[in-house]
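Structure first, commentary second.
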Amino acid sequence: MNKMNYPSESSSVRYSGPRIKNIAVVGTGYVGLVTGTYFANHGINVICLDISEERITKLNQGQAPFFEPGLDEYTHKALNKNKLTFTTDYDQALKEAEIVFICVGTPPKNGDADMSFVESALKSTCEKLDHDAVIVGKSTMPFGILSWVLDVIKDNKKDNVKIDWVVNPEFLSEGTAILDMESPSRVVIGGEDEEAVEKVVSLYKDVTSPIIHTDVESAALIKYASNSFLATKISFVNSLANVADKLGGDVTDIIKGMGLDPRIGSRYLRPGIGFGGSCLPKDIQAFYKTAEKHDSHFDILKVVEEINLNQTKVIVEKLKDLLGTLKGKKIALLGLAFKQDTDDIRESPAARLVNFLVDEGAVVVGTDPEAMPNFRKLNLEMQFADDAYQALKGADALVLVTEWEVYFNLDWKKVKELMADPVVVDGRNFLDKAQLKSLGFKYTGIGTR
Ligand code: UDX
């Protein structure tokens, strides 16, 4: 193995071997599908593998298993170029693969990342590979697991086959995944073997942003540290908004004033109902728990988590201030997805809000342009409406939960006529409050009135 020095950027890393032509991607969830399609659209032959027959059948018909703007077209483009194939068969996927990306889920399990899917994908890949290859961990994997991974590889690979392990975390945001993949802020590649790292770097030939290469543990930590820092920013700004609510300041102006300091910046400082999704909540928990296991701590993240869970209650308190008791009151929730432009409801604050409102005796009706089928599966005590106007008929209050553009552009005169009481709690400081106030709505945002 050629051991690497770790320069900060990859300008010095140039792969001079044969061009990588074939890769396999194991797992066709969010990360796997977007990653595979990206490489296929950039000239690599990609075979995406999933153990779910149903998923592969749909993908072969060009149907993505989730909603992501532009993904259907992006996948069709790759399929039409004959660069993308879907299969359930490991032999087919690995036959020519020079690099194998592991993109299976690492869902939360008692606060840790459940590594059983990674283990099973790694085992199957190692058992089947009959030629040298690089395996790349792209799923979010905890730090401190390198020796475990190397043992799984050693115990399952064929004797005459050389397998190198590289970590290449993904930083995609749902709703903007294709843009994030095409123009990433950075690419991080962690690995010990020079040639293996260079091969992976060579796949990103069309990327103009910095490519950072590090050791394996640092690459895993960059992912956790990034998501944890983002979560901390949100809990910071939500606390700030709550203070502004009590003291009389306006958080929008405060953020503007802070954000002009280039050391702070104004991005990712939008106050709201709290963060959700498949990454931030799970990663902060896994980060502080893993740190504790390694005799360290990251207690700041426990507070970030607590602030986030409490943030949903802020909405309930605001409704009570405006309506008095919520018993029997009809509360319409606009948006159920954890953020706009996705049908993903994982850790959506909307679910927490529904439960709190039901506890107060409210009648909850919700709507969402994409996420209703997923949200229905939660079986919460609520009604669903086809669109915002239907949800708002006779409502005592509207809560803007997810900032879908369609809600910004509602016919607000019509909304006012439909509602029993024109109370608006803007859980994302998203709506045009000047317009709403001029129409006679009783508007309140988060840290802004
Ligand atoms: C996040 C990271 O951004 C991405 O880099 C990583 O790869 C996966 O996790 P994602 O979960 O898709 O991406 O969504 P993101 O846009 O980061 O939003 C996460 C949550 O924070 C959402 O609930 C969103 O509404 C909330 N949020 C975001 C805020 O409340 N305020 C903000 O300023 C930004």
Side-chain angles (χ1 to χ4, degrees), residues 29-32 34-35 66-69 71 103 105-108 113 138-141 168-181 183-188 209 219-220 222-242 251-252 255-256 258-259 264-287 304-305 307-312 314-315 335-353 368 371 400-404 407 426-430 445-447:
Y30 209 84
V31 177
V34 178
T35 303
F66 46 81
F67 171 76
E68 172 65 30
L71 183 59
C103 298
T106 50
K138 205 157 183 44
S139 316
T140 301
M141 300 194 200
N168 171 216
E170 61 80 27
F171 300 101
L172 302 177
S173 287
E174 296 188 19
T176 55
I178 295 165
L179 191 71
D180 294 342
M181 196 77 211
S183 309
S185 48
R186 76 293 203 195
V187 174
V188 174
S209 356
I222 287 170
K223 170 75 186 182
Y224 276 98
S226 300
N227 277 353
S228 298
F229 195 77
L230 292 173
T232 306
K233 281 184 95 170
I234 300 171
S235 281
F236 182 95
V237 82
N238 282 338
S239 300
L240 188 64
N242 297 343
V251 77
T252 313
I255 296 165
K256 210 179 280 166
M258 281 170 65
I264 298 174
S266 55
R267 290 190 65 194
Y268 222 83
L269 277 179
R270 284 176 285 116
I273 183 172
F275 59 79
S278 64
C279 291
L280 264 46
K282 139 183 124 122
D283 289 355
I284 56 171
Q285 208 175 72
F287 199 174
V304 167
E305 183 180 51
I307 293 168
N308 193 50
L309 295 174
N310 276 327
Q311 195 60 18
T312 323
V314 170
I315 304 284
L336 301 168
F338 84 96
K339 66 184 239 188
Q340 76 281 21
D341 296 332
T342 178
D343 62 357
D344 197 339
I345 56 142
R346 283 175 287 178
E347 298 293 326
S348 174
R352 288 196 287 277
L353 181 58
D368 189 285
L400 188 284
V401 177
T402 316
E403 62 271 55
W404 287 96
Y407 299 143
D426 185 352
R428 300 284 186 173
N429 294 355
F430 171 68
I446 310 288

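Ligands are counted one by one from 1 in listed order, and the atoms in each one are counted from 1 as well. Since this is a predicted model, take the numbers as computed values, not measurements.
- For Lys339 (side chain) and Glu174 (main-chain N/O), a donor-acceptor pair under 3.5 Å exists by modelled atom type.
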Quick one: do Thr140 and Tyr224 satisfy side chain to side chain contact (heavy atoms under 4.5 Å, CB included)? Show the steps, please.
CA-CA 8 Å; Thr140 301; Tyr224 276 98; 3.8 Å; yes
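- For atom 2 (C) of ligand 1, the closest non-hydrogen atom of the protein is Asn227 OD1, 3.7 Å.
- Enclosure of atom CZ in Phe66 by more than 12 non-hydrogen atoms of other residues, nucleotides or ligands within 6.0 angstrom is indicated.
- Annotation for ligand 1: atoms under 4.0 Å from non-hydrogen atoms of Leu280 are 1 (C), 9 (O), 19 (C).
- In terms of protein heavy-atom proximity, atom 12 (O) of ligand 1 is closest to Glu174 N, 2.6 Å.
- Remark: the backbone N or O of Ala177 is paired with a side-chain donor or acceptor of Glu68 at under 3.5 angstrom.
- Checked against a 3.5 angstrom limit, the closest N/O atoms of Ser173 and ligand 1 fall inside it.
- In terms of modelled atom types and a separation under 3.5 Å, the side chain of Ser266 and the main chain of Gly259 share no donor-acceptor contact.
- Residue nearest to atom 7 (O) of ligand 1, selected from Thr402, Ile255, Val31, Leu172: Leu172 (by heavy-atom distance).
- Closest to atom 15 (P) of ligand 1, if we only count protein heavy atoms, is Tyr268 OH, 3.3 Å.
- When each atom of ligand 1 is checked for a heavy atom of Glu170 under 4.0 Å away, the hits are 7 (O).
- For the 3.5 Å distance criterion, the side chains of Glu403 and Asn429 fail to qualify, holding no donor opposite an acceptor.
- Residue Phe275 has no nitrogen or oxygen atom sitting less than 3.5 Å from a nitrogen or oxygen atom of ligand 1, judged on distance alone.
- The backbone N or O of Val188 sits less than 3.5 Å from a side-chain atom of Asn168, completing a donor-acceptor pair.
- With a heavy-atom cut-off of 4.0 Å, Leu269 touches ligand 1 through its backbone alone.
- A distance-only check finds a donor-acceptor pair linking the side chain of Ser209 to the backbone of Pro184 [under 3.5 Å].
- Between Gly272 and ligand 1 there is no heavy-atom distance shorter than 4.0 Å.
- Taking the side chain as every heavy atom from C-beta outward, Ile446 and Ile273 never approach each other to under 4.5 Å.
- For a threshold of 3.5 Å applied to N or O pairs, the pair formed by Phe171 and ligand 1 contains at least one separation below that value.
- In this structure the side chain of Ser226 reaches within 4.5 angstrom of the side chain of Arg186, judged on heavy atoms.
- At a 3.5 angstrom cut-off on N or O pairs, Lys339 counts as close to ligand 1.
- Atom 9 (O) of ligand 1 has as its closest protein heavy atom Cys279 CB, 3.1 Å.
- No heavy atom of Gly277 sits closer than 4.0 Å to any atom of ligand 1.
- Lys223 places no side-chain N or O within 3.5 Å of a backbone atom of Asp283 that could act as its donor or acceptor partner.
- Judged by the shortest distance from any of its heavy atoms, Lys223 lies inside the 4.0 Å radius around the atoms of ligand 1.
- With hydrogens and angles ignored, the 3.5 Å screen pairs a side-chain donor or acceptor of Ser348 with a backbone N or O of Leu336.
- Ligand 1 lies within reach of Arg428, whose nearest heavy atom is under 4.0 Å from it.
- Residue-level proximity to ligand 1 for Thr342 is absent, since no heavy atom of it falls below 4.0 angstrom.
- In this structure, atom 34 (C) of ligand 1 lies nearest to the protein heavy atom Arg270 NH2, 3.4 Å.
- Between Ile234 and ligand 1, not a single N/O pair is under 3.5 Å apart.
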